[in-house]
Amino acid sequence: MPELPEVETMRRGILPIVGSRIESVVCPPCERKPILLSPAIKPFDRRLRGKQVVAIDRRGKRVIVEIEDEQAIVIEPRMTGLVLLSDPPTREHLRLRITLSGNSQQQLLFWDRRGLGTVRLLTKKEIESQIEAKLGTDALEITSNELRDRLGKSQRAIKVALLDQSAIAGVGNLYAAELLFRAGIDPRTRCDRLSGPQWKRLVAEMQDVLQEAIHYEGSTLSDGTYRNAINGEGGYQAHHLVYDKAEKPCPRCEQGTIVRIVQAQRSTFFCPVCQRKRGLHVTLESRL
DNA sequence: CATATGTCCTGAGAGC
DNA sequence: TGCTCTCAGGACATAT
């Protein structure tokens, strides 16, 4: 489930294609439903042939491959999508192959087991209206004041609100659980009940956990799906504190047990003892 | 407007 | 062993 750290790892992994030119774009014969591609493969290919890759960016959980002439390929991996430079995990789920010419023969692949991901070719203007305008500030850039301005009056649970990409872009289910645990905040707490110091702590822990996860190249969960651009596993799963740890003892307070609850049809993991609605911030830190 | 729910998709794992 | 069923959760469409 690529979230910000995994998508940032993809971005960094495909930086070597900057400067290369696109030779062709094809949808490999795929027995499954064709990937959600826009526009269709023919105009997609025609508009890109001969064009140079000028930069690789990221916005929230999207990879943006900037192409000369004010175009960009926007890739949304969603649940199981991968952006690869080397051979994909399986042949049958390969959805798009972009052949590049440069000093060395290169290719950029989009592979997606479940096929929920999307690849779109947009102009700079379309990016402005369809991406920039719809997404909130990137989670690595946002300040606690801005997040509080955006969510502070919401009655939603903080865990649910953090997944709202129009408020803040990049946080998904896994890192929401991890950051709230670190911040000592009960995921069920309504946004409008969070104090100033709690917003501050939340954003600090969020950026900390995201940076740390980027350092380890993201999390490859037990299903093994997520890979970096050269098909290598991430390493951050070894550092998860609460995600998918139901019934396990709390790694911090020792009296608590991690529980799993469901919020907005998604699993939430937390420690009911040290993530209490009221405070405890100081005690928590001393135990870490 | 804010918030909640249904939908897409595949493969792993449970239960019989 | 092999079948059916449920579940996982990204983002968006639709409903309340």
Side-chain angles (χ1 to χ4, degrees), chain A residues 1-10 27 30-38 58-64 74-83 88-96 110-120 122 126-127 129-136 138-139 149-180 187-193 210 213 218-227 234 237 240 242-247 260-269:
Chain A
M1 37 199 259
E3 302 181 23
L4 188 150
E6 290 76 25
V7 177
E8 175 62 17
T9 303
M10 293 176 189
C27 276
C30 189
E31 295 123 48
R32 322 268 163 163
K33 290 218 161 146
I35 173 200
L36 188 42
L37 186 73
S38 159
R58 179 189 56 75
R59 212 30 223 291
K61 303 175 194 170
R62 292 149 160 101
V63 177
I64 302 181
V74 179
I75 303 168
E76 269 185 54
R78 301 220 182 158
M79 293 300 295
T80 54
L82 296 180
V83 174
T90 66
R91 185 149 289 281
E92 67 167 334
H93 300 105
L94 184 60
R95 312 280 176 161
L96 196 72
F110 183 67
W111 177 94
D112 190 351
R113 177 158 56 73
R114 278 158 72 174
L116 297 175
T118 68
V119 179
R120 284 178 291 170
L122 301 176
E126 289 170 330
I127 297 235
S129 62
Q130 296 182 34
I131 310 287
E132 305 287 345
K134 286 185 186 167
L135 285 185
D138 194 85
D149 285 346
R150 292 229 187 201
L151 295 178
K153 293 203 166 80
S154 171
Q155 298 181 36
R156 284 180 294 177
I158 181 61
K159 153 65 164 41
V160 175
L162 285 172
L163 302 186
D164 179 349
Q165 303 298 300
S166 68
I168 170 174
V171 176
N173 205 47
L174 191 162
Y175 294 100
E178 294 294 320
L179 78 90
L180 287 170
R188 300 165 295 187
T189 311
R190 280 168 44 157
C191 292
D192 59 1
R193 304 264 165 87
L210 293 174
S219 302
T220 298
L221 302 181
S222 51
D223 71 358
T225 300
Y226 168 71
R227 304 279 155 159
Q237 62 281 1
H240 294 173
V242 290
Y243 184 77
D244 208 16
K245 306 254 185 229
E247 318 290 311
R260 173 187 180 270
I261 62 170
V262 173
Q263 296 180 281
Q265 280 102 263
R266 267 115 183 108
S267 303
T268 299
F269 300 90

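Every chain is numbered from 1 and lettered A, B, ... according to where its sequence line falls, protein lines coming before strand lines.
Residues V160(A) and S222(A) each lie close to DNA chain B; by heavy-atom proximity, the contact nearer the 5' end of the strand is made by V160(A). Between D223(A) and A157(A), the residue anchored closer to the 5' end of DNA chain B is A157(A), taking for each the nucleotide with the nearest heavy atom.
Counting non-hydrogen atoms under 4.0 angstrom, S154(A) reaches the backbone sugars and phosphates but no base.
At least one side-chain nitrogen or oxygen of H93(A) sits closer than 4.0 Å to the OP1 or OP2 atom of dG11(B).
Shown here are the side-chain hydrogen bond (donor to acceptor under 3.5 Å, both in side chains) partners of D244(A), two or more places apart in sequence or in another chain: there are none. Scanning for side-chain hydrogen bond (donor to acceptor under 3.5 Å, both in side chains) contacts around S38(A) gives an empty result, with sequence neighbours left out. Not a single side-chain hydrogen bond (donor to acceptor under 3.5 Å, both in side chains) links D149(A) to another residue, sequence neighbours left out. E178(A) is linked by a salt bridge (charged side-chain N to carboxylate O under 4.0 Å, His left out) to nothing, counting only residues two or more places apart in sequence or in another chain. Residues passing the side chain to side chain contact (heavy atoms under 4.5 Å, CB included) test with S222(A): none are found, sequence neighbours excluded. By the side-chain hydrogen bond (donor to acceptor under 3.5 Å, both in side chains) test, R150(A) pairs with no residue at all, sequence neighbours left out.
Screening residues 164-174 of chain A for salt bridge (Lys or Arg N to Asp or Glu O under 4.0 Å), with sequence neighbours left out, gives R156(A)-D164(A).
The distance between atom CG of L36(A) and atom P of dC9(B), rounded to the nearest whole Å, is 11 Å. Rounded to an integer number of Å, the gap from NZ of K153(A) to P of dT3(B) is 12 Å. Summarising the geometry, the separation between CG on D192(A) and C1' on dT3(B) is reported as 13 Å, rounded to the nearest angstrom. Per the geometry, CG belonging to L94(A) stands 16 Å off P belonging to dT10(B), to the nearest Å. Here the P atom of nucleotide dC1(B) and the CG atom of D164(A) are 14 Å apart, to the nearest Å.
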### Query
Which nucleotides of nucleotides 9-16 of chain C have their base under 4.0 Å from a protein heavy atom (B), which only their sugar-phosphate (S), and which neither (-), written as one string 5' to 3'?
BBBS----
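The backbone N or O of S129(A) sits nowhere less than 3.5 Å from a side-chain atom of K134(A) that would complete a donor-acceptor pair.
With the end axes of the helix from dA2(B)-dT16(C) to dC16(B)-dG2(C) each set by five pairs, the angle from one to the other reads 50° at 10° resolution.
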### Message
Applying side chain to side chain contact (heavy atoms under 4.5 Å, CB included) to K159(A) and F269(A), what does each step give before you reach the verdict?
### Response
CA-CA 10 Å; K159(A) 153 65 164 41; F269(A) 300 90; over 6 Å; no
